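Heads up: the structure comes next, in structure tokens.
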Amino acid sequence: MTPLAAVVSGPRVRLFACLLRLGCQQAKPLQLHTGARLAAKNHYEVLVLGGGSGGITMAARMKRKVGAENVAIVEPSERHFYQPIWTLVGAGAKPLASSGRPTASVIPSGVEWIKARVVDLNPDKNCIHTDNDKEISYKYLIIALGIQLDYEKIKGLPEGFAHPQIGSNYSVRTVEKTWKALQDFKEGNAIFTFPNTPVKCAGAPQKIMYLSEAYFRKTGKRSKANIIFNTSLGAIFGVKKYADALQEIIRERNLTVNYKQNLIEVRADKQEAVFENLDKPGETQVISYEMLHVTPPMSPPDVLKTSPVADAAGWVDVDKDTLQHKRYPNVFGIGDCTNLPTSKTAAAVAAQSGILDRTISLIMKNQTPVKKYDGYTSCPLVTGYNRVILAEFDYNAQPLETFPFDQSKERLSMYLMKADMMPFLYWNMMLRGYWGGPAFLRKLFHLGRS
């Protein structure tokens, strides 16, 4: 393993740190957005739907193109969360408070915040409708509505979360229950699930399993814990290089992985989980648990499912190279709500934001987009309280690694990046529109090796 000192203090990393400082100097401090300067207009040059990572990032980029007064974000939530850190919150390694900030504090200064929910999209008339009966028109529309959590599709949920020993790192309301269940564990089955739907951050369901195993070892409970990962998938990970590394960890730590097993019911009062065998529909198995971590089924937001901008499955139908809508040339999509054939992560959104910025710039000039998104996404696979395998890959599930070492190895340096550097990049650069992913770092490191 490369010594940590060499990783975090080498000349290339010092240059990276210098670039980060430069980026932060270029990015003006965020100003509190009050939304009280002017009455909201009913037309904007750029209208952004959603105030999550993709929406805020693109609003910041569009502000620099057309001016803040010509950009608006439609978002009902009062708080904005950096959700990737919830894996560590659920394991007791980070406080929940560190993951959230007021939405007003992350909306770019001068950009209008329309505090409402989108209820209808009418791209043929270039307008949308909100739940407070407002019609808002646009010249360009960016859809960044994220993904919907469907706990209710599992019988017994979400009401089952009122009982102890069950949690989920995917919701701000249930992530701390994961940590409570972990602390209260005495002996028996600790079960971790993966649903039979697309999900955001597909590595998260197994990250909490590795962290739980490490916690049981640290607290002397490992010999009393039977750790089970029941996944609806047919493989532990979609990229062979990282799957092989994870299979070795699973073998060494004596973890049980059952494939094609989908959670369909939780009997929280009895502490029982019911799974269906996807290879034999109708065949079920009931497993008792002392701890249960639920990854919920997910789907496109309801407002998109029947919208003209959706494909047959309900996702925003965009070109996978340019992120421009396939039928409406002034409509664009980014992030989890799209049908881009890559893993749905914040790292993917960062990379997509740089491409979409260039795409819209050319469309505004009546030119053809030329920059293509390669499907880059990243999943920092947390395998312990101080170790991460940094998976990075493209549309073809081929590794697309940034650093000049084998990223399929567990490393302390990558854990520190996940726990500390990535949140810094998110709040201070990405949301301000100054971070489009690590492509320039890959070029930098490749130059260093050539």
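Quick caveat, the model's predicted, so the values are computed rather than measured.
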[X] versus [Y]: any side-chain heavy-atom pair under 4.5 Å?
X	Y	answer
I355	Y376	no
Q324	P369	yes
W315	L304	no

E187 vs K221, salt bridge (Lys or Arg N to Asp or Glu O under 4.0 Å): CA-CA, chis, key distance, verdict:
CA-CA 7 Å; E187 63 178 315; K221 299 177 182 178; over 6 Å; no

Closest contact, heavy atoms only, [X] versus [Y]:
X	Y	answer
G333	L356	O-CD2, 4.0 Å
K241	Q407	NZ-N, 4.4 Å
I85	S99	CG2-CB, 3.4 Å
P205	A202	CD-O, 3.3 Å
Y289	Q165	CE1-O, 3.7 Å

Can you tell me if R358 uses its side chain to pair, donor with acceptor, with the backbone of S361 under 3.5 Å?
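The answer is no, because no donor-acceptor pair under 3.5 Å joins these two groups.
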
Once the angle between the rings of [X] and [Y] is folded into 0 to 90°, is it parallel (under 30°), tilted (30 to 60°) or perpendicular (over 60°)?
X	Y	value
W179	Y215	perpendicular
F393	F237	perpendicular
Y170	H293	tilted

Examine Y415 together with Y385 and report whether their ring centres are nearer than 6.0 Å.
no

More than 12 heavy atoms from other groups under 6.0 Å of CZ on R117:
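No, CZ of R117 has 12 or fewer neighbouring heavy atoms, counting only those of other groups under 6.0 Å.
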
Side-chain donor-acceptor pair present, [X], [Y], cut-off under 3.5 Å:
X	Y	answer
Y151	S168	yes
S77	T103	no
N277	E283	yes

So that I can tick it off, tell me whether K94 and D420 are bridged by a salt bridge, with the cut-off set at under 4.0 angstrom between side-chain N and carboxylate O.
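Looking at D420 and K94, the cut-off is met.
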
Verdict with reasoning, T359 to T322, per side chain to side chain donor-acceptor pair (under 3.5 Å):
CA-CA 6 Å; T359 291; T322 65; 4.9 Å; no

